[in-house]
2 protein chains.
Amino acid sequence: MLSKKSKYAIKALISLAKRYENKVPVKISEISEEEKIPRKFLEAILVELRNNGLLHSKMGANGGYLLAKHPEEIVLSHIIRISGGPIAMLPCVSLNFYEPCEECVNESTCGLRDVILEVREATIRILSKTSLSDILQREEGLKKKFNLI
Amino acid sequence: MLSKKSKYAIKALISLAKRYENKVPVKISEISEEEKIPRKFLEAILVELRNNGLLHSKMGANGGYLLAKHPEEIVLSHIIRISGGPIAMLPCVSLNFYEPCEECVNESTCGLRDVILEVREATIRILSKTSLSDILQREEGLKKKFNLI
DNA sequence: AACTAATCCTACTAATTCAATAGAATAAAT
DNA sequence: ATTTATTCTATTGAATTAGTAGGATTAGTT
């Protein structure tokens, strides 16, 4: 399960991606209201995304946040890793949050691990090719599909 | 991330699958020691698996647990669901633990949900075709690969 | 019948992680 | 100066997960 933090991070970035062309900083409170994300929690999340190079910030009046890269260059796997969510279903197959199972006698011959490794690969394949732009495109597609446009 | 409970459940069932042919009940303490799973915790897990039809139990002296089905018929997705772990990365795409996102205006046009749906499908595809037998076969394969046999 | 070895059941507690909040410091625009 | 923002540090609350305790029940053995 994705943490709320990760979900909020993704939603906030999608919201910023929508206005990427404006090149005008967007305030925390604006995103918070639009996406219904608790103000102070979002604040912490955005700082973290900035520290990891996904956002630029501007302080003071008329300040706010901007994507640091083109929406095509920001992919889901990266966002999830920054916002603290391991992607793998077991620590022993995680690239970024690796930990051995205490009880495992021989990790390299563990059948369960082998399966979960496959799951991770399938998951990463999708998440690392899906950018903010892709998500926006999907939304357009879905709106058309449901005749909402 | 899989909970420890789920992981323990899977490991316990694999351990039972190895002795499936014996048709002799296996004691909790035996499994607990072999797999290094806390005794009392395992107890609760096995009862749940039994209540959900994956195990048969026999009380009293010489009692213990047996798989209720052939190891080929017990698949990972089922074990994980019983032991409480949702498989999907978001509640809004979960079949068995569905919950809408409070903040979502229109779920059916949510681009993020659409991607996560794809991830879930890829995951379930693997987990629901992998049985206890498959895992044992993988272990054999891995042992050969690493010349441990 | 008594004894022993096992699961079963109910309840509780501990530990960890997740989610959210408070409040003052700093920066920039007017 | 004043206002409008982000930034930083610290703390709290809530929920979930992990694990424990102890007695009731069942069945085999002598």
Side-chain angles (χ1 to χ4, degrees), chain A residues 1-12 16 24-33 35-52 54-66 68 80 82-86 89-91 94 97 99 101-103, chain B residues 1-12 16 24-33 35-52 54-68 80 82-86 89-91 97 99 101-103:
Chain A
M1 273 283 171
L2 231 47
S3 63
K4 286 204 175 184
K5 189 171 162 190
S6 284
K7 191 174 75 170
Y8 290 162
I10 297 168
K11 294 219 164 178
L16 286 168
V24 175
V26 183
K27 284 181 290 181
I28 294 176
S29 56
E30 224 172 295
I31 304 172
S32 152
E33 282 159 30
E35 305 292 331
K36 294 187 198 145
I37 302 171
R39 169 71 211 267
K40 275 292 196 176
F41 196 19
L42 180 59
E43 208 176 293
I45 292 167
L46 295 180
V47 166
E48 209 172 1
L49 292 172
R50 189 209 52 170
N51 290 340
N52 282 277
L54 293 194
L55 293 177
H56 284 148
S57 66
K58 198 186 165 212
M59 284 186 83
N62 304 327
Y65 286 94
L66 288 164
I80 293 172
I82 289 173
S83 54
M89 294 184 88
L90 287 176
S94 173
F97 299 87
E99 255 180 75
C101 299
E102 312 102 29
E103 74 272 13
Chain B
M1 274 282 172
L2 230 46
S3 63
K4 286 205 176 185
K5 188 172 163 189
S6 284
K7 192 175 74 168
Y8 291 162
I10 296 169
K11 295 216 164 181
L16 286 169
V24 175
V26 182
K27 283 181 289 180
I28 294 177
S29 56
E30 225 173 297
I31 305 172
S32 153
E33 281 160 30
E35 305 293 331
K36 293 185 201 150
I37 303 171
R39 167 72 210 266
K40 275 295 199 176
F41 196 17
L42 180 59
E43 207 177 296
I45 292 167
L46 294 181
V47 167
E48 208 172 2
L49 293 172
R50 188 209 54 169
N51 291 339
N52 282 277
L54 292 193
L55 293 177
H56 283 149
S57 67
K58 197 186 166 212
M59 284 186 84
N62 304 325
Y65 286 94
L66 287 164
L67 291 190
I80 293 171
I82 289 173
S83 54
M89 294 184 87
L90 286 176
F97 300 87
E99 255 181 75
C101 299
E102 311 102 31
E103 73 272 13

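So that the names make sense, note that chain A is the first sequence line, chain B the second, and so on, each numbered from 1.
The phosphate of C:dA6 has neither OP1 nor OP2 within less than 4.0 Å of any side-chain N or O from B:Y65. Within the 4.0 Å cut-off from OP1 or OP2 of C:dA20, at least one side-chain nitrogen or oxygen of A:Y8 is found. OP1 or OP2 of D:dT7 has at least one side-chain nitrogen or oxygen of A:S57 nearer than 4.0 Å. Contact check, B:K58 against D:dG28: a side-chain N or O comes under 4.0 Å of OP1 or OP2.
Taking the side chain as every heavy atom from C-beta outward, B:K5 and B:I45 approach each other to under 4.5 Å. Considering only heavy atoms from C-beta on, B:L49 stays 4.5 Å or farther from B:N52 through its side chain.
Between the side chain of A:S32 and the backbone N or O of A:I37 there is at least one donor-acceptor pair closer than 3.5 Å.
Of the residues listed (B:V26, B:L54, B:V47), the one engaging B:Y65 in a side-chain contact (heavy atoms from CB on, under 4.5 Å) is B:V47, and it is the only one.
A:G64 comes within 4.0 angstrom of the backbone, heavy atoms only, and of no base.
The CG atom of B:L2 sits 17 Å away from the P atom of C:dT17 (whole-angstrom rounding). Spacing between atom NZ of B:K4 and atom P of D:dA18 amounts to 7 Å, rounded to whole angstrom units. Following rounding to the nearest Å, A:L16 (CG) and D:dT6 (P) show an atom-to-atom distance of 11 Å. One interatomic measurement links the two molecules: CG of B:N62 to C1' of D:dT29, which rounds to 9 Å at whole-angstrom precision. The distance between atom CE of B:M59 and atom C1' of C:dT4, rounded to the nearest whole Å, is 14 Å. When the C1' atom of D:dA27 is taken as reference, atom NE2 of B:H56 falls 18 Å away, rounded to whole Å. In this structure, B:M1 places its CE atom 15 Å from C1' of C:dC18, rounding to the nearest Å. For the pair A:N51 CG and D:dC8 C1', the interatomic distance rounds to 11 Å; values are reported in whole Å.
Nearest heavy-atom pair across B:R50 and B:L55 is CG-O, 3.3 Å.
Here the straight-line distance linking atom CD of A:E99 with atom CG of A:L90 works out to 11.5 Å at 0.5 Å rounding. In this structure, CD in A:E103 is found 4.0 Å from NZ in B:K11, a value given to the nearest 0.5 Å.
Closest to the side chain of B:K27, out of C:dT21, D:dA5, C:dA6, is C:dA6. The side chain of B:A61 lies closest to D:dG28, out of D:dT4, D:dG28, D:dG19.
Applying a 4.0 Å cut-off to non-hydrogen atoms, the residues of residues 39-50 of chain A that approach DNA chain C are A:K40, A:F41, listed by residue number.
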